[in-house]
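Below you'll find the structure, written out as structure tokens, and then a few comments.
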Amino acid sequence: MRVAGDLDMHHLEDVRSTLLRAIAEAPPGTEVMVDLMYSSFCDSSGLEALLTARQRALESGRTLRLGAPSHQMLRLMEITDTAWMFEMGPAPRDDASTAGPFA
């Protein structure tokens, strides 16, 4: 799934529901990639949505990976001591993101 724009309280419900749906629909044992290349801001509600999705993925035998998190998001995760909880890597190729963007 690709997130474009801010990952904040104004977009929380759309992002959370799409994340949880993507996790539920992914085959067990697979990785769900959240492409953050086009998202430059994340507040505490956005981080909470990612943490909830991570927990749901773990409980269902899947992995949640963050692709290309912004410097600001990495700093937020550093401050909150949550960076270690996520798999991270580069953004996927354009054809690898299946859900639409959020603005």
Side-chain angles (χ1 to χ4, degrees):
M1 105 171 241
R2 176 174 291 145
V3 177
D6 296 340
L7 189 53
D8 61 10
M9 66 182 190
H10 300 292
H11 304 104
L12 179 63
E13 290 310 314
D14 288 338
V15 171
R16 183 192 332 248
S17 64
T18 302
L19 270 171
L20 295 179
R21 186 173 54 250
I23 290 165
E25 293 174 357
T30 61
E31 177 179 272
V32 175
M33 169 68 80
V34 182
D35 180 355
L36 298 164
M37 178 180 276
Y38 301 103
S39 178
S40 60
F41 179 77
C42 179
D43 69 8
S44 60
S45 61
L47 179 58
E48 185 274 330
L50 292 172
L51 289 167
T52 298
R54 175 194 172 271
Q55 186 62 37
R56 183 74 55 90
L58 290 174
E59 290 169 355
S60 62
R62 295 161 180 92
T63 304
L64 184 73
R65 179 179 294 272
L66 305 181
S70 70
H71 174 75
Q72 183 274 328
M73 183 180 286
L74 291 172
R75 180 72 178 130
L76 175 63
M77 288 190 283
E78 179 183 310
I79 290 168
T80 58
D81 193 29
T82 56
W84 65 271
M85 300 174 86
F86 291 97
E87 300 278 334
M88 292 190 226
R93 294 188 336 241
D94 280 344
D95 60 344
S97 295
T98 59
F102 293 95

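As the structure is a computational prediction, the values presented were derived from the model and not from experiment.
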Rounded distance [0.5 Å steps], CD in E25 versus CG in L20: 11.0 Å
Same cluster (ILVMFWY, side-chain, under 4.5 Å), L12 and L76: no
Where M85 and L51 come nearest, the two heavy atoms and their spacing: SD-CD2, 3.9 Å
Reference residue L50; test side chain to side chain contact (heavy atoms under 4.5 Å, CB included); the match among V3, L7, V15: L7
Closest non-hydrogen atom pair, D35 against A91: OD1-CB, 3.5 Å
Side-chain H-bond candidate by donor/acceptor type, E48 with S44, under 3.5 Å: no
Side chain to side chain contact (heavy atoms under 4.5 Å, CB included) partner of R21, the single match among I23, T18, L19: T18
Partner of L66 under side chain to side chain contact (heavy atoms under 4.5 Å, CB included), chosen from M33, M77, R54: M77
CG on L64 to CG on L58, rounded to 0.5 Å: 8.5 Å
Nearest non-hydrogen partners of P69 and G89, listed with the distance: CD-O, 4.3 Å
Crowding at CE, M9 (>12 non-hydrogen neighbours, <6.0 Å): no
Atom pair OG1/CG of T80 and L47 - distance to nearest 0.5 Å: 5.0 Å
Distance (rounded to the nearest 0.5 Å) between R62 CZ and E31 CD: 13.0 Å
S39 side chain vs G5 backbone, donor-acceptor pair below 3.5 Å: yes
Rounded distance [0.5 Å steps], NE2 in H71 versus CG in L74: 8.0 Å
Sub-4.5 Å side-chain heavy-atom contact between Q72 and C42: yes
R65, CZ atom: more than 12 neighbouring heavy atoms under 6.0 Å: yes
Heavy-atom closest contact (S70 atom, S40 atom, distance): OG-O, 3.3 Å
